[in-house]
Amino acid sequence: MKKILLLTLFGAFLTTNIYANWFASEPKKSSKAIDNSKIYTLKLAETWPSNFPIFGDATKNFKKLAEAMSNGRLKIRIDSKNKHKSALGIFDFVKSGRYDLGHSGSYYWKGKDINTLFFTSMPFGMTSKEQYAWFNYGGGQQLMDKVYAKHGMKSVIGGNTGNQMGGWFQKEINTVADLHGLKMRIPGFAGEIMAEVGVKPVNIPAGELYTALDRGTIDALEWVGPSLDLRMGFHKVAPYYYTGWHEPGSELQFLINLKKYHSLPADLQNILLAAMKLSAYQMSNQSEFESAKNWASMKKAYPNIKVKTFPEPVFAALRAANQKLLKKLAASNPLAKEIIKSQANYLQKARAWTAISDQSYLNSQSK
Ligand code: CA
């Protein structure tokens, strides 16, 4: 039954005229007869440890979909961090061909190519819904292709975490001055923005974060949101849970070695992309589901968690720092400038619509 549903879904997916956008180009048609006896085994390396919830489910779903849709002609072997030992080695693994596929986050590679930064989520940027529209219809996938082609790879949407929370804080933040000298685990571009307003971003391995927050080695940290924060237990040791601004819709990525991709029969290439995009969609739904469920149980067990939003002067300082750093990035290379411009132009249009649709609707529900 499940298989029929899956194939029907896939059929519906392929017969709609939206696929040109979803695939960034028209799916290729096979010119040769399909050789059903030939099995293609593809190795996938993921950043996550074995059995990591949600993110790890995305690769398991992808494997199931790709193998079912190809009627077993594709075999996917997943190696987690426990096996390959290098959470942040995925870019090099796939680029070099040691692995055919990867599952990770594009913003981890900013040290290798700064232009990879833009394809996860940008502070004060698009929500996941807006960003998917940009990826699939607003030129985002084409820009991502341009960045990754230089490295012999293709990056495909890999599932969204939804709006991430601003993090767990030991003290309330009332003014910009309250951020001065604050030791916070906040990686990436958001960490650079925080540094501009006086925060001291610190880098601590995931396994040591709870103790660091509990003992005061750090004053604050951001992780994801209730979907993955619950299991970390931060709500037991920090009273303030700030709402998000820095990762409004973090998209993971699948990476494909282009040489390997082009060596596959056309129908398997299409199946690979379709399976990635369907599993990304599943993960995005799962993130929303788990966040709502976990937030309900967190609130019930710890009714004193104080949900806070930074006051406007703090946001104003963060927005100014963001603009300053984006300007610097745009000046650093033409492709960065092109991506920043594409995102800003699209966001302006998308947000005007969000304001009179979702935002107005949600406002009508509040007391
Ligand atoms: Ca985060």
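For the single chain, residues carry numbers from 1 onward in sequence order. As the structure lists them, so they are numbered: ligands from 1, and atoms in each ligand from 1. Small disclaimer: the values here were computed from a predicted structure and weren't measured.
Residue Ser155 forms a side chain to side chain contact (heavy atoms under 4.5 Å, CB included) with just one option from Phe119, Phe254, Tyr148, and that option is Tyr148.
At a cut-off of 3.5 Å, with distance as the only test, a side-chain donor of Asn160 or Glu251 sits close to an acceptor on the other residue.
With respect to Arg73 and Asp35, no salt bridge is recorded, no charged nitrogen being found less than 4.0 Å from a carboxylate O.
Inspection of the environment of the Ca ion (ligand 1) yields the following protein N, O or S atoms under 3.0 Å: Gln164 OE1, Glu222 OE1, Glu222 OE2, Trp223 O, Glu247 OE2.
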task: Show your reasoning for whether side chain to side chain contact (heavy atoms under 4.5 Å, CB included) applies to Phe93 and Leu255.
output: CA-CA 10 Å; Phe93 285 158; Leu255 278 173; over 6 Å; no
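Checked against the 6.0 Å centroid threshold, Tyr107 and Phe189 do not count as a close aromatic pair.
Trp168 and His235 have tilted rings, their planes meeting at an angle from 30° to 60° on a 0 to 90° scale.
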